[in-house]
Q: 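Have a look at this one before I ask anything.
It should be emphasised that the depicted structure is a prediction, and the values quoted were computed from it without experimental measurement. Numbered from 1 within each chain, the chains take letters A, B, ... in sequence-line order.
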Number of protein chains: 2
Amino acid sequence: MFDVDVRSRVPIYEQLVDNIKKMIIQNVLEKDEKLPSVRKMAQEITINPNTIQKAYRELESEGYIYSVPGKGSFVSDTKNTVSNQKIEVLTEELEGIVKELIYLGVPVKKIKTLVDEAEAEMREDGDR
Amino acid sequence: MFDVDVRSRVPIYEQLVDNIKKMIIQNVLEKDEKLPSVRKMAQEITINPNTIQKAYRELESEGYIYSVPGKGSFVSDTKNTVSNQKIEVLTEELEGIVKELIYLGVPVKKIKTLVDEAEAEMREDGDR
DNA sequence: CTTACTGTATTATTATAGTTAATACAGTTT
DNA sequence: AAACTGTATTAACTATAATAATACAGTAAG
């Protein structure tokens, strides 16, 4: 569920932050749901509790979770902002890809055509 | 011309690799053009020659440049080899993101605006 | 009240990657 | 010969991530 790649160049605690953020935004983790305790999570994925704590501290400071000493760490209410945050993330990704395509020599016009094609495809197979 | 951010989390040598790759792909650096020597480049951007060498070694192993001991390092002929496959991959990613954005209610028109903004931002960066 | 959980904090240590530094050697260019 | 090139090697320094070992205080349940 919370998988990390210990060999990745991006730090474990940051992978955790990203993963959990994503799950919260996608509503895989719901409001007030309890996250595994730092020690339990540390056991689960066999890494040091301090690393988990660092991730949780970061998530709390960004408002994604709230922690109560003695009780645990819980998912914050991000309901009203969830969709916006998700769009924000996707927009950033889009920006990066567009920039790469442009420097690879793909003209903006062509990129916009791709956007249209994606929309068309989406209407065809109305799933997802 | 070859600027790096020494405070970035991405290593200097990798920034160099990326920058030079981009310039080659965009044809800012042309086939058989001579790159600054490791020592000269090191002076230019005030970092260690070994770091430059590491970048050049990487670029050579990826086929972007070729180095001749005693002469220098030169841009390879990569036209039509390197970038096409990347464009394919990026196009698929673009498609996925666009579909998600549409699903979230972002109109196609707005997405195209984002494309334009990305292009504009890119031109800003390019002049820096 | 005791026990076993929670989050939190602190300090020390290890591991790793990036970078710098100082040389050295051999090929080339003039 | 002198001044360039790329290349290689070894050592040292730095910053950051991660581990380890504790400790303390709040909460919940028996």
Q: Once you round it to whole Å, what is the distance between P of C:dT8 and CG of A:L35?
A: 12 Å
Q: Roughly, in whole Å, what's the span from NZ in A:K71 to C1' in D:dA25?
A: 16 Å
Q: So if I take every side-chain heavy atom of B:R39 and compare against D:dA17, C:dA24, C:dT20, which nucleotide ends up nearest?
A: C:dA24
Q: Name the residue closer to the 5' end of DNA chain C, choosing between B:V68 and B:T46 according to the nucleotide with the nearest heavy atom.
A: B:T46
Q: Rounded to whole Å, please give me the gap between CD1 in A:I52 and P in D:dA20.
A: 13 Å
Q: Assign each of A:P49 and B:K40 to its nearest nucleotide of DNA chain D by heavy atoms, then name whichever residue's nucleotide is nearer the 5' end.
A: B:K40
Q: Rounding to a whole Å, what distance do you find between A:K34:NZ and D:dT27:P?
A: 14 Å
Q: How many Å lie between CG on A:D5 and P on D:dA17, as a whole number?
A: 16 Å
Q: Is the distance from OP1 or OP2 of D:dT5 to the nearest side-chain N or O of B:S67 less than 4.0 Å?
A: no
Q: Base, sugar-phosphate or nothing for A:V6? Non-hydrogen atoms, less than 4.0 Å.
A: nothing
Q: Could you state the atom-to-atom distance from CD of B:E60 to C1' of D:dT5 in whole Å?
A: 14 Å
Q: Counting only side-chain heavy atoms from C-beta out, which of C:dT28, D:dG6, D:dA17 sits nearest to B:V38?
A: D:dG6
Q: Which nucleotide wins on minimum distance to the side chain of A:S37, given the candidates C:dG7, D:dT7, C:dT20?
A: C:dG7
Q: Among A:S37, A:P36, A:S67, whose side-chain contact (heavy atoms from CB on, under 4.5 Å) with A:S73 holds?
A: A:S67
Q: Answer yes or no: are there more than 12 heavy-atom neighbours, outside B:K71 itself, under 6.0 Å from its atom NZ?
A: no
Q: Heavy atoms from C-beta onward define the side chain here; which of C:dG18, C:dT20, D:dA18 lies closest to that of A:T51?
A: D:dA18
Q: For the CD atom on A:E44, are there more than 12 heavy atoms of other groups (residues, nucleotides or ligands in this structure) within a distance under 6.0 Å?
A: yes
Q: Just compare D:dA28, C:dT8, D:dT9 and give me whichever is closest to any side-chain atom of B:N50.
A: D:dT9
Q: Among D:dG6, D:dA8, C:dG7, which nucleotide sits nearest the side chain of B:Q53?
A: D:dA8
Q: Between C:dT20, D:dA18, C:dG18, which nucleotide has the shortest distance from any of its atoms to the side chain of B:N48?
A: C:dT20
Q: Just the rounded figure in Å: distance from P of D:dT19 to OH of A:Y13.
A: 13 Å
Q: Measure the CD-CG distance between A:Q53 and A:N48 for me, rounded to the nearest 0.5 Å.
A: 10.0 Å
Q: Rounded to the nearest angstrom, tell me the gap between atom OH in A:Y66 and atom C1' in D:dG26.
A: 16 Å
Q: Step by step, would you call A:D3 with A:N19 a side chain to side chain contact (heavy atoms under 4.5 Å, CB included)?
A: CA-CA 8 Å; A:D3 42 22; A:N19 286 350; 4.2 Å; yes
Q: Considering only D:dG6, D:dA18, C:dA21, which nucleotide approaches the side chain of B:S73 most closely?
A: D:dG6
Q: Where the side chain of A:P69 is defined as all heavy atoms beyond and including C-beta, which of C:dT8, D:dT19, C:dA22 is the nearest nucleotide?
A: C:dT8
Q: Charged N to carboxylate O below 4.0 Å: is that the case for B:E95 and B:K99?
A: yes
